[in-house]
Amino acid sequence: MESGDSLRAFTGKWHAAWPEQDVLAVFVPACQRELVSAWGALLSELHESLFSLEHDAVRQAKSQWWVQELLAMPGNTARQPLSRFLQGRNAPFNAMAAPMAELAALVPVKAASTGDLFRQLTPLAQAVSACEAALLGTRSGADDVQAIIGQWLSMRLPHGLNAFDRAMLPMHLLARHQVMADAGTPSALRQDWLLELTGVLETQRPENWYRHAQLRFTRRRIAALRHRDTPNIGPGHAWDAWRCVRQGLRG
C-alpha cells in the first residue's frame with residue numbers, strides 16, 4: 001500500500017483540477033475518502049496520458065507505461081503511487097489495459113459525429129465502469145459508461161479546443177463551422193459542442209453513487225462553460241455530493 005506525500009501529490013493534483021472533489025470528500029465516509037480520491041486521481045492520470053500530451057512520441061510512451069501499470073496491479077507489482085495504493089484490491093484493473101492501448105493508437109481521435117465519438121470511447125469506459133463498481137462495491141450500467149465519457153470530454157474544455165486534437169470535437173461540428181486545424185475556436189462552435197454534450201448527459205442515471213456525483217458535477221461544469229472558462233463551486237455542488245453519497249450508502 002502507498003501512502004504519505006507521494007500519494008497526496010497526485011490526489012491533490014486531481015482535486016486542484018476539479019475542486020468539486022473537495023466538496024465530495026466532505027460527504028464520503030472517512031474510511032473511503034482516500035480510496036475515492038485515489039481512484040479519481042488515477043483516472044485523471046490515465047486521461048492526461050491518453051488525450052492531453054501534445055507530442056505523439058511522448059503521449060504514446062506515457063500511455064503504454066500506464067498500460068503496463070494496469071497489467072501489474074493485480075499482481076501487486078505496480079510502481080506508481082496511485083496504482084501502488086489501489087493494487088491488490090478486488091477490482092479488474094488489468095481489464096482496462098487492452099482498451100486503453102487500442103484507444104491510444106487512435107489518438108488524436110477523429111469521429112464523424114458525437115455518437116461515433118462516444119462509440120470509440122466506449123470500450124475503455126466500459127472497463128473503467130466495471131472496475132469502478134468492483135472497487136466501490138456498487139453496480140455498473142450503460143448510463144455509468146456514458147457519464148464517464150462525458151466527464152472525459154468535459155475535462156478537455158475549454159483549453160483543449162485549440163489543442164492538437166481540438167478536444168476530440170466530432171467532424172460534423174468542425175465542418176458546420178468550417179474550422180481548420182490551425183484556426184481559432186469560435187464561440188458558436190464551443191456553444192454547439194456544449195449543447196450536444198448536454199443533450200447526451202441530461203437523461204443519464206448512473207447506478208454507481210460515485211459516478212452519479214461525477215455526472216452531476218460534469219453537467220454543472222458544462223453549463224458553466226457556456227458563460228465562462230472557469231466553473232464556480234457553489235452550494236449546488238454540496239447538494240449533489242450529499243444526495244449521491246446518501247443514496248449510495250442507502251443502497
Taking the side chain as every heavy atom from C-beta outward, state whether [X] and [Y] have any atom pair closer than 4.5 Å.
{"X": "Pro108", "Y": "Arg59", "value": "yes"}
{"X": "Arg205", "Y": "Gln146", "value": "no"}
{"X": "Leu121", "Y": "Leu103", "value": "yes"}
{"X": "Val128", "Y": "Val145", "value": "no"}
{"X": "Glu45", "Y": "Lys13", "value": "yes"}
{"X": "Gln151", "Y": "Leu43", "value": "no"}
{"X": "Val245", "Y": "Pro29", "value": "yes"}
{"X": "Trp209", "Y": "Val28", "value": "yes"}

Could you give the distance from [atom1] ([X]) to [atom2] ([Y]), rounded to the nearest 0.5 Å?
{"X": "Leu42", "Y": "Trp14", "atom1": "CG", "atom2": "CH2", "value": "11.0 Å"}
{"X": "Met100", "Y": "His47", "atom1": "CE", "atom2": "NE2", "value": "11.0 Å"}
{"X": "Ser52", "Y": "Phe164", "atom1": "OG", "atom2": "CZ", "value": "7.5 Å"}
{"X": "Glu132", "Y": "Thr138", "atom1": "CD", "atom2": "OG1", "value": "6.5 Å"}
{"X": "Leu197", "Y": "Arg226", "atom1": "CG", "atom2": "CZ", "value": "11.0 Å"}
{"X": "Trp66", "Y": "Leu71", "atom1": "CH2", "atom2": "CG", "value": "12.5 Å"}

Over all heavy atoms of both residues, which pair between [X] and [Y] is shortest? Give the atoms and the distance, please.
{"X": "Ala111", "Y": "Asp116", "answer": "CA-OD2, 3.3 Å"}
{"X": "Gly150", "Y": "Thr218", "answer": "O-CG2, 3.8 Å"}
{"X": "His237", "Y": "Asn232", "answer": "CE1-O, 3.4 Å"}
{"X": "Met96", "Y": "Leu124", "answer": "O-CD1, 3.7 Å"}
{"X": "Arg190", "Y": "Arg228", "answer": "NH2-O, 3.2 Å"}
{"X": "Ala104", "Y": "Gln60", "answer": "O-NE2, 2.8 Å"}

Can you check side-chain contact (heavy atoms from CB on, under 4.5 Å) on His172 and Glu196, steps first, answer last? CA-CA 12 Å; His172 79 284; Glu196 292 214 9; 2.8 Å; yes

May I ask you to check if Arg221 and Trp18 form a cation-pi contact, with NZ or CZ under 6.0 angstrom from the six-membered ring centre and within 45° of the axis?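 Judged by the rule (NZ or CZ under 6.0 Å from the ring centre, within 45° of its axis), Arg221 counts as positioned above Trp18.
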
Please say whether the positively charged group of Arg89, taken as NZ for Lys or CZ for Arg, lies over the ring of Phe85, i.e. under 6.0 angstrom from the six-membered ring centre and within 45 degrees of the axis.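 Ring-cation test returns yes.
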
Would you call the rings of Trp239 and Trp242 parallel, tilted or perpendicular if under 30° counts as parallel and over 60° as perpendicular?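 Tilted: the ring planes of Trp239 and Trp242 meet at 30° to 60°.
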
Judged by atom type as modelled, is there a donor-acceptor pair below 3.5 Å linking the side chain of [X] to the main-chain atoms of [Y]?
{"X": "Ser63", "Y": "Ser49", "result": "yes"}
{"X": "Asn94", "Y": "Pro74", "result": "no"}
{"X": "Gln87", "Y": "Ala78", "result": "yes"}
{"X": "Ser129", "Y": "Ala125", "result": "no"}
{"X": "Asn90", "Y": "Ala134", "result": "no"}
{"X": "Asp192", "Y": "Leu189", "result": "no"}
{"X": "Ser44", "Y": "Gly40", "result": "no"}

Hydrophobic clustering (ILVMFWY, side-chain heavy atoms < 4.5 Å, transitive) - are [Y] and [X] grouped together?
{"X": "Val58", "Y": "Phe51", "answer": "no"}
{"X": "Leu70", "Y": "Trp65", "answer": "yes"}
{"X": "Leu194", "Y": "Met171", "answer": "yes"}
{"X": "Leu153", "Y": "Leu195", "answer": "no"}
{"X": "Leu53", "Y": "Leu50", "answer": "no"}

Qualifying residue, where the test is side-chain contact (heavy atoms from CB on, under 4.5 Å) with Arg211 and the options are Ile148, Asp143, Leu136: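 So, applying the side-chain contact (heavy atoms from CB on, under 4.5 Å) to Arg211 and each of Ile148, Asp143, Leu136, only Ile148 qualifies.
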
If the threshold is 4.0 Å, N to carboxylate O, is there a salt bridge linking Glu20 and Arg216?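 Salt bridge absent between Glu20 and Arg216.
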
Report yes or no: do Glu69 and Gln80 form a side-chain donor-acceptor pair below 3.5 Å?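 Per modelled atom types, Glu69 and Gln80 side chains form no pair under 3.5 Å.
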
Run Leu35 and Leu86 through side-chain contact (heavy atoms from CB on, under 4.5 Å) and show every step you take. CA-CA 7 Å; Leu35 171 64; Leu86 293 167; 3.4 Å; yes

Verdict with supporting geometry, Cys244 and Phe27, side-chain contact (heavy atoms from CB on, under 4.5 Å): CA-CA 9 Å; Cys244 292; Phe27 300 99; over 6 Å; no

Passes salt bridge (Lys or Arg N to Asp or Glu O under 4.0 Å), Asp240 versus Arg219? Steps please. CA-CA 11 Å; Asp240 289 342; Arg219 287 174 181 160; over 6 Å; no

